[in-house]
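The next block holds one structure in the form of structure tokens; read it before the comments.
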Amino acid sequence: MINKKRISHTNHVSGTRKLGMSALGALMLGLPYVVAADGRNLVDNARLPSDVKLTCTADIKPWFLSGAVSASGKVNPADSLDPIFANFKDNSLCDFYRWGAQMFLWLTSEVEGRHVFNTSPTFYNLSVESHKNREFLQGRGPMVLTTRKSKVDAEIELGQAGNNDVLISQQQSLVYYGLHANDVFALFTTKYKNTQLKQCQQKYQQCASEIVGECKKAFNACKSAEFPNTQSQLDEVESFAMAYGYPIEYDQNALAMELKTSWVDAETVKDPSRYILSQAVVPVFDRSASQGPWIKKGNEEKTLAMVGMHVVGTVNSHPEMVWSTFEHVDNMPDNTYVYQSSSGDFKTLKFDSDNRDWTFLPNGARKPNNIVANAQVQTSEGGTIPLQITNQNNCAIGATNVVRVDPWGNQHGSKAGSDEVKNNTDLASINVSVLSQLASNDVRGNYIQTGGIWTAEGQIPAGGTDNSLRGSLNLANTTMETFYQLPNLGFNPKNCFGCHGSTSQDATGVSHIFDAMQPLPKLK
């Protein structure tokens with residue numbers, strides 16, 4: 001069933017693939033950017049090169065529900081069914097970066113005092129993991145986030161992906177992580193597990209072959225699926241949702257989406273008004289032992305400040321999902337990188353930590369040569385021991401100095417004219433384009449898109465070095481993959497697909513939460 005309210009693809013394409021003259025004219029003629037309350041424009045505030053060549057731009061006015069740019073104004077989601085994504089010959093990196101930029105503004109739009117990514121029925125928070133079972137939870141009240149390997153309700157995941165490393169800010173705040181998924185993801189998951197997966201399990205149990213491997217191979221082929229990435233696949237989810245008793249209230253311009261967010265205690269940042277804020281229940285630890293362990297002593301509701309967001313979602317003919325990532329401009333400085341300027345020259349923007357109250361690096365600090373965790377979160381699968389944080393590498397538990405090693409997700413030290421420098425230029429350009437048009441008091445203007453990655457023709461990549469990968473090939477969110485930026489742990493995943501690649505026939509293998517998610521309960 002097709003939603004008649006869906007935005008016209010034709011109109012959407014014309015609105016997103018061209019930069020309006022109001023913004024482009026200002027940029028080209030050297031007119032002032034939007035100026036923030038502290039006197040800095042949003043572009044300078046983000047330390048972006050204002051003279052970057054405008055290789056990737058957007059007119060953001062049509063993105064706003066009202067048709068006019070306004071501070072914290074509601075933004076429509078990008079049209080993930082836009083035919084340009086399926087046009088493997090003619091689409092560009094910019095088409096995907098533009099998608100990411102609009103999605104971030106939509107997800108962080110305010111809706112009745114909350115944000116879209118934390119507002120049901122559009123989005124669900126994911127429950128605490130218990131024996132690999134997670135539930136879709138309505139986004140009401142304080143965020144209900146997750147704790148790794150624990151049954152205790154309403155805790156926040158502390159360990160980063162991979163080996164449970166803990167990141168602590170310079171102001172001694174733990175970094176907390178949340179997981180979220182939209183209605184299309186939740187309803188597709190429910191449909192799949194209630195129908196296709198059950199049927200495949202029954203066939204496997206009835207398999208009469210004397211060779212166990214043949215039954216297993218047939219089972220794997222039977223359960224193979226991919227997240228909705230075409231109109232027909234979305235229509236199937238819509239029909240199932242109606243029959244299952246859920247109101248069709250999700251915005252169908254967004255296909256299947258899963259998000260990861262990172263947060264610090266808002267009381268520890270210099271100016272909370274510069275951050276997207278949300279209430280959440282967090283674990284409280286006894287920190288009296290500097291060498292640890294810090295042992296959990298209870299839960300506390302706090303106001304948290306967002307420092308990062310992974311925006312992951314399918315687009316037309318891309319079941320591997322587009323992986324875009326965003327960070328707050330005060331997190332940490334960039335390593336030195338090269339970009340192309342509007343005059344055509346290649347310029348170098350050097351590492352600079354001066355004159356900033358960074359969240360993860362001291363003001364004026366030298367660039368760290370190594371980024372190694374000094375703490376990990378520890379607990380048992382069944383929660384039989386208290387949640388605790390232990391020290392690592394014989395260090396006291398505390399802040400780690402962090403730099404964005406590969407700015408824009410491209411190998412640092414890349415030479416002028418290389419593909420990496422072209423990508424640096426595209427990403428700096430889209431950020432300059434968007435920030436130059438946002439209202440000066442829009443809190444979203446304090447966040448930038450630091451990269452994105454996908455495959456050329458929707459292939460499911462086997463890993464982080466797959467030849468089909470496009471975009472930011474060294475992508476890492478420095479608040480989420482902090483300690484995987486350098487190959488100093490004996491394992492360097494290189495980018496998102498280093499952990500989220502899949503060699504199986506099942507395209508849903510790119511998601512680490514899909515297998516653990518339980519179906520939504522039927523409402524009628």
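For reference, positions follow the sequence shown, starting with 1.
Counting heavy atoms from C-beta on, the side chains of T108 and M309 come closer than 4.5 Å. Between L137 and L126, the closest side-chain pair of non-hydrogen atoms is not below 4.5 Å. For the pair F360 and T479, the minimum side-chain heavy-atom distance is below 4.5 Å. Using a 4.5 Å heavy-atom cutoff, the side chains of T359 and H328 are not in contact.
Aromatic ring pairs are classed by plane angle as parallel below 30°, tilted from 30° to 60° and perpendicular above 60°; the pair F185 and F136 is perpendicular.
Salt bridge status for R47 with D334: absent, with no side-chain N to carboxylate O gap under 4.0 Å. With salt bridges taken as basic N to acidic carboxylate O contacts below 4.0 Å, one links D51 and K347. Comment: K61 does not engage D59 in a salt bridge, judged by the lack of any side-chain N to carboxylate O separation of less than 4.0 angstrom.
Residues T261 and W263 bring a donor and an acceptor atom of their side chains to less than 3.5 Å of each other.
Partners of K367 under the salt bridge (charged side-chain N to carboxylate O under 4.0 Å, His left out) rule, at least two apart in sequence or in another chain, do not exist in this structure.
The neighbour count for Q172 CD, taken as heavy atoms of other residues, nucleotides or ligands under 6.0 Å away, is above 12.
Residue pairs that meet the ring pair (Phe, Tyr, Trp, His ring centres under 6.0 Å) test with at least one member in residues 418-445, sequence neighbours left out, do not exist here.
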